[in-house]
There are 2 protein chains.
Amino acid sequence: MAISIKDVAQRAGVSVATVSRVFSNGPVSPELRERVEKAIAATGYRPNLSARRLRSQHSQTIGLMVADIRSPFFTALSRVVEDEAYRSGMRVILCNTDESTDRETMYLRLMEEERVTGLIWAPTRGSLERLADEDLPFPVVLVDRGGPVGRHDSVVLDNHQATATLVHHLHAIGRSRIVGLFGNTSSTAIDRHLGYLAATASLGLSSEAFFVAPSAEAAEREILKVFSRPDRPDGVIASSNLMLLGVVKAMRRLVLRTPDDVAIAGFDNETWSELVGPGLTVIEQPVGDIGRMAMTLLFDRLKAPKAPARKVMLSGRLIVRGSTAPVTGLVDEPVD
Amino acid sequence: MAISIKDVAQRAGVSVATVSRVFSNGPVSPELRERVEKAIAATGYRPNLSARRLRSQHSQTIGLMVADIRSPFFTALSRVVEDEAYRSGMRVILCNTDESTDRETMYLRLMEEERVTGLIWAPTRGSLERLADEDLPFPVVLVDRGGPVGRHDSVVLDNHQATATLVHHLHAIGRSRIVGLFGNTSSTAIDRHLGYLAATASLGLSSEAFFVAPSAEAAEREILKVFSRPDRPDGVIASSNLMLLGVVKAMRRLVLRTPDDVAIAGFDNETWSELVGPGLTVIEQPVGDIGRMAMTLLFDRLKAPKAPARKVMLSGRLIVRGSTAPVTGLVDEPVD
DNA sequence: AAGCTTCATGTAATCCTTTTCAATGGCTTT
DNA sequence: AAAGCCATTGAAAAGGATTACATGAAGCTT
């Protein structure tokens, strides 16, 4: 049997209430406080968090539900969320949904059973639709994938704007046949597609969009197919980091040069982005800000459960590198 | 007030014990079981995990403590561990220690308070030493960083062997001045250093090792310094993924060609490893196997707490790419 | 000096389950 | 038909903390 608060109380010659108050910085005389602290040190007592949570009805736990922690954006996000959470004395439960609504449903049930204080969630498109009507027994902040401002708070990149920026950039370096490659599971992809359409239209460019599973392999396969046609594009925009890698692989397979034959650009800046090929042009997402803002929205929501839902959009930053350098006959060095 | 097991019992016209038995597949007549299940569905009841844990004394929780989830090896590891855990009805608490022993100590205390079933841990060197004497109130499986087989189970790469493989490979393509770059916080780096020393010695090669913080920036700085000397190495082995990236960056800065001027190789295979420069030669760690083995060791330990500690070593796989292609005057295509 | 407030402390109820133990009722056995 | 057994079921204890409420002492006011 482990040491409980009773043992500490007995040893210090006080009631359990006093021991509890020492932990919660309640009113305790310096003398008793010291006796209790000695007893804690002597016994090696550690409070039982399950008991504490049960009685206090505060789980001090937040859920984080993403498609796959291995996706760089989510990796970075989880790190920020955990830092912020631990800083305010909360724990994080991480769930990988693999873009499956079934798993999302299962994990939502788990979140309920854990009585989480709140949930930070990048939902699939399917769940996002259902969320519009349904209420959950805990506050939710959507990240990365927001949809229209509904009943839940959300914080997302300005995807429309960001994608338009990429299109304009490719246009500025002289590309006119720019295709877009988008994921088929997230609302993010939809927003980026719309931005792509708007920008190509406003520039009077042709547009052609492809939707595939959000993986390097699927992207590579699709691009190989697209580029096997006679009328080759001269620019590609990929809607995620992994898909961008797929595009690069396809270019290698096709022995096409970047940026001379095809300029390519995408999303998310990573340590290795400047080292792949001639350096990859990307929109950098402010992951740190996104994560912190999500936590802020969540805490605000806890304070004011009835306040209207907020949708926060953050802007991305274009980082131009060799993969979209103007063609000069010479492969440029990467640019920061 | 949320719905509790009492409400369900009342609605189904049974005792709370019966409801509990329905959840734990205890002996309940089909008739009552159905009534209870109807009541559960009607009320939307979800068991309270804190209460369950408190009473049953099983937290069904395992801790995972790593330096930084953003480090690719740990990202992959965490994904495997979580999958395995959820599969057997457990949940995971993830902690980032940032290589700080203070944070490790803090999180260890948290693990105690959570009454974790077990801990999977990549400890810093400092903690590893302390672990040799100290016991913890829950079983621990060390991953990635094991030290000598002590009182705790561990599963690690055969780092000695793996590094020797890299040295022999560089030697085979004609390199003789091979320097090693190692992290200064983990035992892994020590093992790799020893493998490096043994291999260079057995081949009659000179050896020179550098120890830096395990980051791309520190690695880049150190390499710039090393290569500013007159007698330039012709091969570099980096002890981690991030450090390998630092080496690549340094090469770019120095305008040295890979592999013509300097051959480079390192650890961990990632999606982008084949796309950086001419493709990076690496030792691929069997992350999946490592994670699953860690879980197996943990579950075995729970069944047999007194059994002697086990140290499992898994072998890495050499993946040769352009960064160590034999010099032919031509930059090779990446090879799988 | 009586009465009131304030503060530290203890007692006991409470949070929600699981689990032990006793009771019930239907069968089988002799 | 009495005894014994098995399978279900319910009542109540237990798990370890927090917290509402009661208590008592000390300090202050008038």
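Residue numbers start from 1 in every chain, and the chains themselves are labelled A, B, ... in the order their sequence lines are given, proteins ahead of strands.
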(request) Please give the angle, rounded to 10 degrees, between the axes at the start and the end of the helix from C:dA1-D:dT30 to C:dT30-D:dA1, where five pairs define each axis. (result) 40°

(request) Count the heavy atoms of every other residue, nucleotide or ligand shown that sit under 6.0 Å from CD of A:Q10, and state whether that count exceeds 12. (result) no

(message) Is the phosphate of C:dC16 approached by A:Q57 (side-chain N or O, under 4.0 Å from OP1 or OP2)?
(response) yes

(message) Is there a side-chain contact between A:S50 and the phosphate of D:dG15, meaning an N or O under 4.0 Å from OP1 or OP2?
(response)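 A:S50 to D:dG15 OP1/OP2: no side-chain N or O under 4.0 Å.
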
Regarding [X] and [Y], does a basic nitrogen lie under 4.0 Å from an acidic carboxylate oxygen?
X	Y	answer
B:D133	B:R151	no
B:K311	B:D153	no
B:E114	A:R53	yes
B:R109	B:E113	no

(request) Check each of A:R145, A:E129, A:M65 against A:P123 using the side-chain contact (heavy atoms from CB on, under 4.5 Å) test, and report the only one that passes. (result) A:R145

(request) Assign A:L49 to base, sugar-phosphate, or nothing according to its heavy-atom contacts below 4.0 angstrom with the strands shown. (result)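 Nothing, no heavy atom under 4.0 Å.
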
(request) Report the distance from atom CZ of A:R33 to atom C1' of C:dC7, rounded to the nearest whole Å. (result)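 Those two atoms, CZ and C1', are 14 Å apart.
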
(message) I need the CD-P distance between A:E113 and C:dC16, as an integer number of Å.
(response) 15 Å

(message) Test: ring pair (Phe, Tyr, Trp, His ring centres under 6.0 Å). Region: residues 132-157 of chain B. Which pairs qualify, not counting sequence neighbours?
(response)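 Every pair satisfying ring pair (Phe, Tyr, Trp, His ring centres under 6.0 Å) with a residue in residues 132-157 of chain B: there are none.
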
(message) Heavy-atom nearest nucleotide on DNA chain D for B:L54 versus B:L32: which residue maps closer to 5'?
(response) B:L32

Between the protein and nucleotides 17-19 of chain D, are there any N/O to N/O pairs under 3.5 Å, and if so, what are the atom names and distances?
residue, atom, partner, partner atom, Å
D:dA17, OP1, A:Y45, OH, 2.6
D:dA17, OP1, A:N48, N, 2.9
D:dA17, OP2, A:I5, N, 2.3
D:dA17, O5', A:Y45, OH, 3.2
D:dT18, OP1, A:R52, NE, 3.0
D:dT18, OP1, A:R52, NH2, 3.4
D:dT18, OP2, A:S20, OG, 2.4
D:dT18, O2, A:R55, NE, 3.4
D:dT18, O2, A:R55, NH1, 2.9
D:dT19, O4', A:R55, NH2, 3.4

(message) Less than 3.5 Å apart, any donor N or O on the side chain of B:E104 or B:T124 sitting next to an acceptor on the other?
(response)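 Side chains of B:E104 and B:T124: pair found under 3.5 Å.
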
